[in-house]
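Only one structure is covered here, and it is reproduced in the block below.
Every chain is numbered from 1, with letters handed out A, B, ... down the list of sequences.
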Amino acid sequence: MHGYGVIQEVQALSGGRVSLRPGTLYGALDRLSEQGLVVQEGEEVVEGRLRRYYRLTDPGAELLAVEIQRMTGNAKAAAARLRRRAGGSAPASA
Amino acid sequence: MTTLERRYRRLLRWYPKSYRDSRGDEIVSTLLDLAPPGRRRPTPAEAADLIEGGLRCRLGVARVDGLDDGLAHAAPVALALLGGAGAFLWWRVEPLGPPTLGPVAYAAWLLACAVALLGPTRRLRPALAAALAVTLALPAVAPLTTYARPPLWVLMTLTVFGLIALTGTAPAHRDLERRTTPALGAVAVACGADLVSRAWPDPLTGYYQPAFAQLGMVVAAAVGALAVLALSAVRRGAPPRPWLWATLLIGLPGAWLGPLDTDTWRTTDLPPFGRLAQVLLGTTLVLLTMARLHHPRSRRSCVSGGYDTHSSDGSATVHARSSGSWAAAGLAGFGVGLAGFVVGIGAVTAHGLSTVAVCGVAAALLGSAQAPGKARSLRFGALVAVGTPAAAYAVGVYSNDWTLGGWTELTRTAGLASVLAVLPLAFGAYTAYRSARQVRVVAAGVLCAGWLGWLTLPDLPAWGPVLPVLVAVPLVRAALAIAPWRARTGP
């Protein structure tokens, strides 16, 4: 995926809440590249504009899986708390 | 090339050329892809994003291990100090003298604290940028009004804290802790400074003594707390570098606050240990510790070209040798420049001559232990020789009540100019320490460090709040020695 595609994808995934700006995006891509989490994979010129493509590496995918697991765990814990609260407050409000 | 593309490329000049060569076309293409049809100029948000990205790249934020996270740790502390210092100065100091434009800046920083607490995330960085712009504008605006500007020491400190707060604040969602930290911290800082001022033996008289020493005590406490957090990170097995960077970042302007007045116990004709000496000494010590902490994350940060740094033992030796020739050139250049200045103003004192002699001998010792000087280091020496009288003249203007000539306190001016030797002497001592493999280099290091001590240690009691800051520096180094940390592998 190229930089413009990443920005659009992030905007779509966040329901329009997060809009990355190019300076921030390429700073992050620099860091991810040097940590070996993404890698550049080809480039092309479309209508006079340079597009470089980036791909998630295997270590990047592994780290992403770990992060997803951690965030899912957090969300599950929060949901359980919310259910308990709802369960506890139901009789009081009844 | 369209007008919009040309304007984007102009903004891209904030990045180093090497980065523009490798990434410029890609960034401009993405910006053009994002721009709606008919747009002719970049939006302010795009401009701010590119300027910040360029500055972060030039300052090496992305390529230094731990600095990015360190800025994130330091940012809420800096904002708390800005809000607290603003409140203290507005509440306790401003009413004591003729009114200044200071409250405009203090209000802007307090507003930024309020935005951090209550406002939407997207408003915080613009609020910080606006407060910084207001602070920077005061010296230019004040002459157009009937109000004076606050002293430069206030504006300098606020500016650097503001830069830390702005660059360390990410445009990301903030939880309750991140929202409340700056505001609660600001209350603590203001109350802490007020408590110190009430416990102080001398009453507050205005912006100068003892106000900045009192504020400096609170900033020093914040620096000490960050140093303790760095040590606790080591104990927890967490990376200490981000906390070490945060300590030093806050310590840099922290070292500018103080000192106490030494007029009462200094009886010679030398100038007392003043703000100039303190700013130079504190800044130099913090910057040298930063240089020691600096650990290049990799050669590809800010993407290739022009940012390669040494990493192997062999190249490190070459680096140390080349530092030696640069230090020798700097010391020699300073000696020549200082001699020219004191002769020029007709104030040749034993103190000034001794400083010139020490710089000359140290330069000869360091230079003789190096390979023959390269053209670049020689040019550097020449630049220092020309720059030193200019800097000394600026010091003279400052110390003679901002007058351009007709100075009367020439001996004092020459003594203050000699204090500028703190910079080349510290550079020389540090270089000798890093590459002490020959007797001549060791001798040069001892000479530089000895004269540095002579210039500053007799006034040890006057260091005031800077002392805790300087104590934090070796503490930080100790933490680093306990746990040399590898670069993070996480995002």
For this session: Give a yes or no on this: more than 12 heavy atoms of other residues, nucleotides or ligands lie within 6.0 Å of atom CG of A:Asn74.
Result: yes
Problem set entry | A:Glu47, CD atom: more than 12 neighbouring heavy atoms under 6.0 Å | no
Exercise. What residue in B:Asp25, B:Leu50, B:Leu31, B:Leu34 has the most heavy-atom pairs under 4.5 Å with chain A?
Worked result: B:Leu34
For this session: Could you tell me which of B:Leu12, B:Leu32, B:Ile51, B:Asp49 has the largest number of non-hydrogen atom pairs under 4.5 Å with chain A?
Result: B:Asp49
Seminar exercise, completed: Contact list (residues 125-137 of chain B to chain A, heavy-atom gap under 4.5 Å, by number) returns none
For this session: Pick one of side chain, backbone, both or neither for A:Arg21, based on which atoms fall under 4.5 Å of a heavy atom in chain B.
Result: both
Problem set entry | Side chains of B:Arg23 and A:Asp30 in contact at under 4.5 Å (non-hydrogen atoms) |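 Yes, side chains in contact.
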For this session: Could you tell me the separation between the CG atom of B:Asp33 and the NE2 atom of A:His2, rounded to the nearest 0.5 Å?
Result: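 Nearest 0.5 Å value for the CG-NE2 distance: 7.0 Å.
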Exercise. If you measure from CZ on A:Arg52 to OG on B:Ser22, what distance do you get to the nearest 0.5 Å?
Worked result: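 Atom-to-atom, A:Arg52:CZ and B:Ser22:OG are 6.5 Å apart.
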For this session: Please report the closest heavy-atom contact between A:Tyr26 and B:Thr30, naming both atoms and the distance.
Result: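 The answer is OH-OG1, 2.6 Å.
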